[in-house]
4 protein chains.
Amino acid sequence: MQVTVTEAARRKQITEAATEVIAAAGYQRASYARIVEHAGLSSTRLISYHFRDKNDLMMAVLIAAIGTVDERMTARLDGVTDRVGMLRGYIEAQVDLLRTHPAQVKVIREIAQNLPDLAPVLADFRVGRLARQLTQGQREGVFAEFDVRVMARTIASGIDGADSEDYGRELADLFIRACVG
Amino acid sequence: MQVTVTEAARRKQITEAATEVIAAAGYQRASYARIVEHAGLSSTRLISYHFRDKNDLMMAVLIAAIGTVDERMTARLDGVTDRVGMLRGYIEAQVDLLRTHPAQVKVIREIAQNLPDLAPVLADFRVGRLARQLTQGQREGVFAEFDVRVMARTIASGIDGADSEDYGRELADLFIRACVG
Amino acid sequence: MQVTVTEAARRKQITEAATEVIAAAGYQRASYARIVEHAGLSSTRLISYHFRDKNDLMMAVLIAAIGTVDERMTARLDGVTDRVGMLRGYIEAQVDLLRTHPAQVKVIREIAQNLPDLAPVLADFRVGRLARQLTQGQREGVFAEFDVRVMARTIASGIDGADSEDYGRELADLFIRACVG
Amino acid sequence: MQVTVTEAARRKQITEAATEVIAAAGYQRASYARIVEHAGLSSTRLISYHFRDKNDLMMAVLIAAIGTVDERMTARLDGVTDRVGMLRGYIEAQVDLLRTHPAQVKVIREIAQNLPDLAPVLADFRVGRLARQLTQGQREGVFAEFDVRVMARTIASGIDGADSEDYGRELADLFIRACVG
DNA sequence: AATGAATGAGTCTTCATTCAT
DNA sequence: TATGAATGAAGACTCATTCAT
């Protein structure tokens with residue numbers, strides 16, 4: 001029995017299944033066989049047909065995850081002009097994402113760890129928005145003098161360790177002290 | 001041609017080769033074949049002879065790496081009683097390790113990521129010494145009130161992102177501000 | 001050069017080759033390599049493709065063997081109502097199977113010996129039909145009083161040692177004496 | 001630490017360990033590694049030193065098992081002249097051996113199954129004594145006319161299936177009926 | 001747009017045996 | 001008499017990809 005759907009719908013089905021498999025089992029264990037099983041597809045051939053190779057699939061998964069995360073962050077921080085409020089909002093929003101979109105967050109980390117070539121691109125994605133806000137804050141005299149790149153990366157890596165909303169609030173307190181100095 | 005060396009020497013040769021392979025290629029790609037090639041051994045059977053299984057080998061690699069790192073840290077911080085000086089010394093020493101013992105540091109991270117059962121033990125190894133110092137500092141009134149667990153984990157993850165001595169100094173400044181408040 | 005046949009045909013080819021290998025070399029020595037060689041296949045990967053794992057293959061082999069044996073026995077004994085005639089027919093038919101379908105008979109024994117979990121199921125297959133007939137014969141007063149389970153198992157194991165039609169006839173005489181008493 | 005014992009004592013230690021391993025795990029799984037572990041020896045090299053190869057070890061194991069079994073049977077049947085009593089005694093003594101010397105009985109079967117070259121020799125060992133008694137019984141007119149070889153083999157294989165003393169008694173009844181006719 | 005079938009390379013582990021004291 | 005160390009071959013199984021419709 002041969003079920004035919006549109007190219008776009010099939011690609012989405014596969015990337016979503018791949019996202020869940022990567023989040024649950026890790027990048028290395030996300031084999032075609034496991035993805036096919038999770039998605040209920042007929043054979044791995046279906047993946048090979050819709051994606052050039054495994055790297056192509058992973059890029060699609062990554063782009064989708066980044067899109068989702070970016071959208072959520074933009075929605076959360078839109079209109080916030082207060083620098084300190086922005087910093088707290090950024091950290092708490094990121095921590096909140098771990099709860100609301102765990103698969104997407106996990107996928108971004110997994111791919112970053114396992115495809116080192118992407119590290120710089122992903123680093124900028126994770127840190128760019130924050131760094132710009134920190135620089136603005138320094139210009140306005142709200143934040144002390146510090147190396148913006150170091151601060152942004154430290155905040156980002158600190159967020160990765162969070163496991164609860166309380167942790168997020170404590171983290172925000174910590175970095176507000178460090179930034180306002 | 002059969003070359004015979006002592007058990008201890010052979011085990012050390014293999015664990016060192018494995019350490020380098022893990023650091024260079026990652027835990028998942030550290031196959032017996034790659035380790036044997038890197039060490040110039042005759043066959044993978046030599047690893048199976050000296051280690052019960054792959055997990056046994058990885059434990060030996062991990063213990064060696066932890067031993068090296070722990071020894072360096074103890075040597076660096078021995079005799080430092082000033083709390084703020086200790087905090088700076090801890091961070092800078094850790095960052096320095098990334099340069100002087102990159103393979104050992106990488107191995108500890110790789111194994112922690114890929115053997116989740118060990119995560120709690122390794123977390124304590126990475127964070128325990130620091131957390132005790134922070135708590136002491138709070139009792140002495142040198143450090144402000146903050147969640148020691150969050151602070152220690154944030155410092156540890158911040159260190160992982162460092163890539164130079166300058167970065168280490170800036171990180172120390174950052175966390176001294178956050179701790180002294 | 002890639003030769004493509006249907007799933008069913010390939011499975012049959014593999015199970016038949018496996019049957020012959022098990023019969024000739026024993027369960028333990030029936031490796032994928034030997035089966036592939038016997039069947040003239042390109043690589044062991046072909047077996048892994050068509051069967052989930054080795055146990056899956058062995059179950060397919062066993063089911064085929066049981067099917068063949070059961071079909072032959074049913075054909076031989078269909079319509080026989082005379083209890084003593086049935087007993088003789090059963091024993092001689094079983095002995096005859098050793099000559100006409102040696103591989104199937106050998107496979108059932110080998111798998112029973114090497115997969116102890118299946119022993120009860122196979123024991124029932126080997127002994128169930130016979131035990132029912134013996135019980136009926138006792139009810140009808142044709143057979144003496146004896147433990148049906150012991151008798152059926154003894155008959156079955158006696159058959160295993162047979163090596164000729166004469167042996168089969170002698171065996172039938174023996175057990176008719178033992179049953180009629 | 002090097003412990004030195006006599007050749008004979010060491011061979012006995014190894015054959016006994018091998019006997020237990022074969023009985024517990026089967027012939028195929030009785031590897032040098034498992035035997036060494038069971039016996040608490042320092043390395044597999046000790047086996048290679050005392051036995052030419054694995055076949056040599058297995059012969060030693062088999063001879064020891066046969067010796068034990070033969071001795072018990074001789075003790076049990078010595079002085080029994082009554083033919084029918086001898087037949088019952090033989091069957092019940094064999095079934096009793098399954099309980100008192102399970103390892104030795106298991107070893108003989110395992111080796112017979114896995115070393116087909118020995119089958120004739122072992123068949124004679126298992127069947128010879130019994131066949132001679134049956135022939136004598138026929139000459140004395142106590143037993144009916146039947147093929148002694150078939151009867152002896154059937155009795156022997158019937159015994160293999162026994163699992164209790166009751167089973168043994170029932171088996172003796174069965175074969176007395178079949179022999180006395 | 002989809003599929004069934006096939007594949008070579010690679011994974012770790014176990015095996016009995018041999019080398020060299 | 002004993003031992004530590006080393007070994008090549010073989011075991012089942014998984015991988016992403018390609019062939020051929």
Side-chain angles (χ1 to χ4, degrees), chain A residues 1-7 9-11 28-36 41-55 57, chain B residues 1-11 28-35 41-55 57, chain C residues 1-11 28-35 41-57, chain D residues 1-7 9-10 28-36 41-55 57:
Chain A
M1 180 196 53
Q2 188 166 313
V3 179
T4 297
V5 301
T6 64
E7 164 80 15
R10 190 60 95 190
R11 281 180 65 99
Q28 300 277 357
R29 303 176 59 82
S31 67
Y32 279 21
R34 267 183 263 266
I35 294 167
V36 155
L41 301 174
S42 60
S43 98
T44 62
R45 187 64 185 79
L46 205 57
I47 301 181
S48 297
Y49 181 73
H50 289 282
F51 297 89
R52 199 179 334 103
D53 56 20
K54 196 171 190 185
N55 195 62
L57 169 60
Chain B
M1 179 197 52
Q2 184 169 311
V3 179
T4 297
V5 301
T6 64
E7 163 84 13
R10 190 63 93 193
R11 278 181 67 99
Q28 300 276 359
R29 303 177 60 81
S31 68
Y32 279 20
R34 265 184 263 266
I35 294 167
L41 301 173
S42 59
S43 98
T44 62
R45 185 63 181 80
L46 206 55
I47 301 181
S48 296
Y49 178 71
H50 289 282
F51 297 89
R52 199 178 333 103
D53 54 23
K54 196 169 189 183
N55 194 61
L57 169 61
Chain C
M1 179 198 51
Q2 184 170 311
V3 179
T4 297
V5 301
T6 63
E7 163 83 14
R10 190 64 93 191
R11 278 180 68 99
Q28 299 278 358
R29 303 178 60 80
S31 68
Y32 280 19
R34 265 183 264 265
I35 294 167
L41 301 174
S42 60
S43 97
T44 63
R45 185 64 183 79
L46 206 54
I47 301 180
S48 297
Y49 178 72
H50 289 281
F51 297 89
R52 199 179 334 100
D53 55 22
K54 196 169 188 181
N55 194 61
D56 188 30
L57 170 60
Chain D
M1 181 195 54
Q2 188 166 312
V3 179
T4 297
V5 301
T6 64
E7 165 78 16
R10 189 63 94 191
Q28 299 278 358
R29 303 176 59 81
S31 66
Y32 279 21
R34 266 183 262 267
I35 295 168
V36 155
L41 302 174
S42 60
S43 97
T44 62
R45 187 64 185 78
L46 205 57
I47 301 181
S48 298
Y49 182 74
H50 289 280
F51 296 90
R52 198 179 335 101
D53 55 21
K54 196 171 188 183
N55 194 62
L57 169 61

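The sequence lines fix the lettering, A, B, ..., with proteins before strands; numbering per chain opens at 1. Since this is a predicted model, take the numbers as computed values, not measurements.
For A:Arg10, the side-chain hydrogen bond (donor to acceptor under 3.5 Å, both in side chains) criterion is met by A:Gln13, not counting sequence neighbours. For D:Arg45, there are no side-chain hydrogen bond (donor to acceptor under 3.5 Å, both in side chains) partners at least two apart in sequence or on another chain. Residues that satisfy the side-chain hydrogen bond (donor to acceptor under 3.5 Å, both in side chains) test with A:Arg34, not counting sequence neighbours, are absent from this structure.
Minimum atom distance to the side chain of A:Lys54 is reached by F:dA16, of the listed E:dT11, E:dA6, F:dA16. Distance from the side chain of C:Asp53 is smallest to F:dC13 among F:dA16, F:dC13, F:dG11.
Taking atom CG on B:Leu41 and atom P on F:dT7, their separation rounds to 8 Å, with Å as the unit. A straight line from CD1 of B:Ile35 to P of E:dG10 spans 16 Å, rounded to a whole angstrom. When rounded to the nearest whole Å, the span between CD of B:Gln28 and P of F:dT14 equals 16 Å. If you take CG of B:Asn55 and C1' of E:dC12, they are 13 Å apart, rounded to a whole angstrom.
Residue A:Arg29 is out of contact with every strand shown, counting any heavy-atom pair closer than 4.0 Å. Here B:Arg34 lies in heavy-atom contact (under 4.0 Å) with sugar-phosphate atoms only.
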For residues 46-53 of chain C, tabulate all N or O donor-acceptor pairs below 3.5 Å that involve a side-chain atom, not counting sequence neighbours.
{"from": "C:His50", "atom 1": "ND1", "to": "C:Glu7", "atom 2": "OE1", "distance (Å)": "3.2"}
{"from": "C:Asp53", "atom 1": "OD1", "to": "C:Asn55", "atom 2": "N", "distance (Å)": "3.2"}
{"from": "C:Asp53", "atom 1": "OD1", "to": "C:Asp56", "atom 2": "N", "distance (Å)": "2.9"}

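In terms of position on DNA chain E, the residue among C:Ala8 and B:Ala30 whose nearest nucleotide sits closer to the 5' end is C:Ala8.
For F:dT17, one of the phosphate oxygens OP1 or OP2 lies less than 4.0 angstrom from a side-chain nitrogen or oxygen of A:Tyr32. Between B:Thr4 and F:dA6, a side-chain N or O to OP1/OP2 separation shorter than 4.0 Å is absent.
Every stem involving DNA chain E, taken as at least 3 paired positions in a row under the Watson-Crick or G-U wobble test at 3.5 Å, is listed here: E:2-21 with F:2-21.
For residues 42-52 of chain A, proximity to DNA chain F is found at A:Thr44, A:Arg45, A:Ser48, defined as any non-hydrogen atom under 4.0 angstrom from a strand atom.
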